[in-house]
S.K.: 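Sharing a structure, written as structure tokens. Questions coming.
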Amino acid sequence: MRREVDRIAEPWGSRTPYGRHGRWPARQDTCLAEGVAEEDVERWVQTASVLHSDGDAMDLAVKDGALVGVRGRVADRVNRGRLGPKDAFGWQANASADRLTRPLVREGGRLVPSDWDTAMGLIVSRSRELLAERGPGAIGFYTSGQLFLEEYYTLAVLARAGIGTSHLDGNTRLCTSTAAEALKESFGCDGQPGSYDDFDHADTLAFFGHNIAETQPVQWMRILDRLDGPDPPRLVCVDPRPTRVALRADVHLAPRAGTNVALLNALLHEVVRTGRTDPAYIAAHTVGFDELAEAVRPCTPRWAARICDVPARAVEEAAELLGTAERLLSTVLQGVYQSHQATAAAVQVNNLHLVRGMLGRPGAGVLQMNGQPTAQNTRECGADGDLPGFRNWENDTHVADLAEVWNVEPERIPHHAPPTHAMQMFRYAEQGSLRMLWISGTNPAVSLPELPRIRAVLAQDRLFTVVQDLFPTETALLADVVLPAAAWGEKTGTFTNADRTVHLSERAVAPPGQARPDLDIFLDYARRMDFRDKDGGPLVGWRDAESAFEAWKRCSAGRPCDYTGLSYGLLRGGSGIQWPCNEAAPGGTERLCTDGAGWAHPDVCESYGKDLVTGAPVSAVEYRSLNPDGKAVLKAAEYLPPHEPPDTAHPFQLTTGRTLYHFHTRTKTGRTPQLAAAAPDVWVEMSAADAAALGLDEGDLVEVSTPRGGLRGRLRVTGIRRGLVFVPFHYGYWDTPAGSGPDGGAVAGRAANEATVTDWDPASKQPLFKTAAAAVALVEKGSGRPSPAPTNTASAPVAAGSVPATAGGPAARVLETVGDGDADGDDDRADPPGGVR
Ligand SMILES: Nc1nc2c(c(=O)[nH]1)N[C@H]1C(S)=C(S)[C@@H](COP(=O)(O)OP(=O)(O)OC[C@H]3O[C@@H](n4cnc5c(=O)[nH]c(N)nc54)[C@H](O)[C@@H]3O)O[C@H]1N2
Ligand SMILES: Nc1nc2c(c(=O)[nH]1)N[C@H]1C(S)=C(S)[C@@H](COP(=O)(O)OP(=O)(O)OC[C@H]3O[C@@H](n4cnc5c(=O)[nH]c(N)nc54)[C@H](O)[C@@H]3O)O[C@H]1N2
Ligand SMILES: [Mo]
């Protein structure tokens, strides 16, 4: 069956229902540029999506040396051929006229076009000067969750063993440092326990602060297909907004923002009280149950109901579903990770699974989700606050082992203190101890909290800032040197999604102008800096993506994220493969934690853990006595109220997040016509009751302000919980008339982060983007002009029909092909005839 669908109006497309334990049927989605037919395509080049962490596998269509479309890869385990709206249209941004094509350097206060020799020469001479005058602590690197594995690994080696700085972190700090920390706290080590195939087997799905319908739309298609099939799963949703997930949930809890720990403690209380624990599993695989049971004893549903402002009865109903599930799959994302008590709450979800023995079996698992497409690689390669291969920086044996892989003395690798987290790096830059900051693949002038402060830090004369990006972003405009990077589709490398599936992404077209792959830029820097190992050989001995991958394989050998069984050859054609993949598991590994926690033993664990409430580290000695046999750790946490409660001046809670059609600071989706049109400008969501109390209507221009700053947007009246205001964080200033942001004075603030607070979770150091106190005031009545928010998402207006429905029209057509191959829909179209495979 073939059907053309408006992928903006129908983001999740046609249903292919299937039953529990069945195989998710294939559906191939194809989107080609206007006027291009399938037979015109010269080559199909294999890749996966870089606009979320789902890892949707796809082929890029190439004609006359240009990208002309995409199609989903049917053979892939992740998406079975499907594409979400960003997957279908986002590739067009690569060809934008305003791509960076030449290095830029600051001269007389202005960025002027330059060449690679000049730009790299400046960076190298400043690096040398700072090393000589101030030492390695003056240099920092702030990278991404959107580069490739090979690039992170190279960066980690050159920063940690070349420069010898501990100031290397990713924007994954803002994204999934809590996922990593929660896994370390419970299981001793990072590494996703669950698998997407668990969606096929679960009888109960629970979503904690995860708007999966919009942020991983292809897995939501899978869930919708199960909901339409025999023996559908029961859904629990914890989210203060009326997401599509909430609308389909059997129990929807819409708690006050920042109260996740209270709610989870009450759910645990109920599971323990009703005797729905698994004592045999607890005894065999965990430590700490008595302390946990004691800690949640006073946390009754009625207690939580007062704190969270949800009905006690609804908490009991949710606990009933979670407690009676035979196969429970939970997902956790930013409603937990960026909210108050992030790690403490994420760990309670792990606890729920541990006390119920819901781990490591088909359908029974936890997905402590990732957000960015390659965040997993930032973490495993040590381009964030960890050592490569999930090694423990506090364990001298692990450091020595890494030193051997790199052929350097262990003292070369800084490990006297924890690797510096991103928020701390910006603090050091503010204070002046950090003098050079190299930013790659991230746009902190829009994405970090409290933007007036961040702009001031980046604009300092004494800070030498390098920005490596595809576009002249808000951050690039503040840099001293701007390096033009090749984009996905213009370079080769691998990356790993949220369920440990590794995909190969091949170069399909040439980068524009002088733009170069990030890997080439890092290799060039390492060469010019002449970094050496202890025998005088080059520290970075590889020269291209595949040889970098081979080097990484050696670093990953014997570690939880073991890649030794993978190769570019193996990843070409067919499906992505889940790590660990090695001699013992040549086809990859579906689930971790199949026999309790595998990497929690004191000798092998990545971390000894922290106190969840204060962040105080647990010592190696304490950990050894608490957990001598390396079981999973049940760690309790008491609820504490959010740091910035509403008051009379700032009576609302402000939360921020995403919409289906945009990715982050819109550098790509804002340059994609179909996506830009679906959500063209910032808006502010508020409940009908609050709007009525303030005399506000749909479309009114309002100002949201906090003690840090403010922004303006048009009001959308939705079913969001009372007292909460939501603003999407996608809208910065690159496409405003002034182009330079509120400091330029020409436009009022529109970035959500003008208003957010500089504060972070004590354990994961992830900044808080989901809780702040704010005031809302009318600027100008809308006089019938609706808010630019989409209508078919969590932003749907309460008064349906009052606003034109979101649709994309003919330009947004995607072809869906279902089941005209063999009976199970498993046709072989993923293997493109004559294409690069
Ligand atoms: N369309 C789209 N998809 C994306 C991205 C994108 O930019 N656009 N980005 C990718 C990335 S990097 C990430 S990290 C993920 C993020 O994916 P998600 O975490 O799903 O997205 P968010 O919108 O940040 O937050 C999810 C939900 O948290 C809820 N929430 C807010 N405060 C609280 C709270 O205190 N408690 C609870 N329980 N819920 C709360 C919000 O109402 C919101 O619906 O998405 C990835 N996918
Ligand atoms: N208020 C608020 N703030 C938030 C969040 C929130 O929910 N609310 N979410 C946070 C989260 S989870 C995240 S992940 C961050 C995201 O924040 P950012 O990382 O700042 O957002 P992006 O727009 O994805 O920026 C990525 C940059 O890398 C560039 N880029 C893309 N591909 C490549 C490449 O291959 N090479 C190079 N060199 N550059 C490339 C893009 O053009 C873009 O400028 O925002 C965080 N900030
Ligand atoms: Mo993220």
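Indexing begins at 1, ligand by ligand and atom by atom, following the structure's order. Just so you know, these numbers come straight off a predicted model, no measurement behind them.
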S.K.: Would one find an N or O of Arg666, backbone or side chain, under 3.5 Å from an N or O of ligand 2?
M.R.: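 No, Arg666 has no N/O under 3.5 Å of an N/O on ligand 2.
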S.K.: Just to be sure I read this right, does ligand 2 sit under 4.0 Å from the backbone of Leu147, its side chain, both, or neither, counting only heavy atoms?
M.R.: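 Within the 4.0 Å criterion, Leu147 contacts ligand 2 through side-chain atoms alone.
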S.K.: Suppose I only count heavy atoms of Ser339 and a 4.0 Å limit; which atoms of ligand 1 are within that range?
M.R.: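 What qualifies from ligand 1 is 34 (C), 35 (O).
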S.K.: Regarding atom 44 (O) of ligand 2: of the candidates Asp469, Leu483, Asn443, which has the closest heavy atom?
M.R.: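 Going through Asp469, Leu483, Asn443 one by one, Asp469 has the nearest heavy atom to atom 44 (O) of ligand 2.
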S.K.: Does Tyr337 come within less than 4.0 angstrom of ligand 2, counting non-hydrogen atoms of the residue?
M.R.: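 Under 4.0 Å: no for Tyr337.
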S.K.: Which option out of Ser144, Gly170, Gly441 puts a heavy atom nearest to atom 26 (C) of ligand 2?
M.R.: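 Comparing heavy atoms across Ser144, Gly170, Gly441, the nearest one to atom 26 (C) of ligand 2 lies in Gly441.
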S.K.: Just to be sure I'm reading this right: ignoring hydrogens, which of Arg173, Gln766, Arg658, Glu474 gets closest to atom 13 (C) of ligand 2? Compare them by their nearest heavy atoms.
M.R.: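 When every heavy atom of Arg173, Gln766, Arg658, Glu474 is considered, Arg658 comes closest to atom 13 (C) of ligand 2.
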S.K.: Which atoms of ligand 1 have any heavy atom of His52 under 4.0 Å away?
M.R.: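 Ligand 1 atoms under the 4.0 Å threshold to His52: 47 (N).
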S.K.: Are any of the N or O atoms of Trp488 closer than 3.5 Å to those of ligand 2?
M.R.: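 No, there is no polar N/O contact under 3.5 Å.
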S.K.: Does Met369 have a non-hydrogen atom less than 4.0 Å from ligand 1?
M.R.: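 It does not, in that no heavy atom of Met369 comes within the 4.0 Å cut-off of ligand 1.
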S.K.: Judging by distance only, is a nitrogen or oxygen of Ser440 under 3.5 angstrom from one on ligand 2?
M.R.: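 No, no N or O pair falls under 3.5 Å.
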S.K.: Taking a cutoff of less than 4.0 Å between a non-hydrogen atom of the residue and any ligand atom, is Phe208 in contact with ligand 1?
M.R.: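 Under 4.0 Å: no for Phe208.
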S.K.: Is any N or O atom of Thr656, backbone or side chain, closer than 3.5 Å to an N or O atom of ligand 2?
M.R.: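 Yes, Thr656 has an N/O under 3.5 Å of an N/O on ligand 2.
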S.K.: What are the atoms of ligand 1, with element, lying closer than 4.0 Å to any heavy atom of Asn211?
M.R.: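 Every atom of ligand 1 under 4.0 Å from some heavy atom of Asn211: 20 (O), 26 (C), 44 (O).
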S.K.: Is it the case that ligand 2 has an N or O less than 3.5 angstrom from some N or O of Thr442?
M.R.: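 Checking ligand 2 against Thr442, an N or O pair does fall under 3.5 Å apart.
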S.K.: State yes or no: are the ring centers of Phe726 and Trp683 separated by less than 6.0 Å?
M.R.: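 Centroid separation for Phe726 and Trp683: 6.0 Å or greater.
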S.K.: So between Asn370, Thr665, Asn171, whose heavy atom ends up nearest atom 23 (O) of ligand 2?
M.R.: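 Shortest heavy-atom distance from atom 23 (O) of ligand 2: Thr665.
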S.K.: Consider ligand 2: state whether an atom of it lies below 4.0 angstrom from any non-hydrogen atom of Ala486.
M.R.: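 Checking ligand 2 against Ala486, which is what was asked, there is a heavy-atom contact under 4.0 Å.
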S.K.: Should you measure from each heavy atom of Glu214, which atoms of ligand 1 turn up under 4.0 Å away?
M.R.: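 Reading through ligand 1 atom by atom, the close ones are 1 (N), 2 (C), 3 (N).
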S.K.: Going by heavy-atom distance to atom 32 (N) of ligand 2, choose the closest among Lys668, Arg516, Glu754.
M.R.: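 The residue whose heavy atom sits nearest atom 32 (N) of ligand 2 is Lys668.
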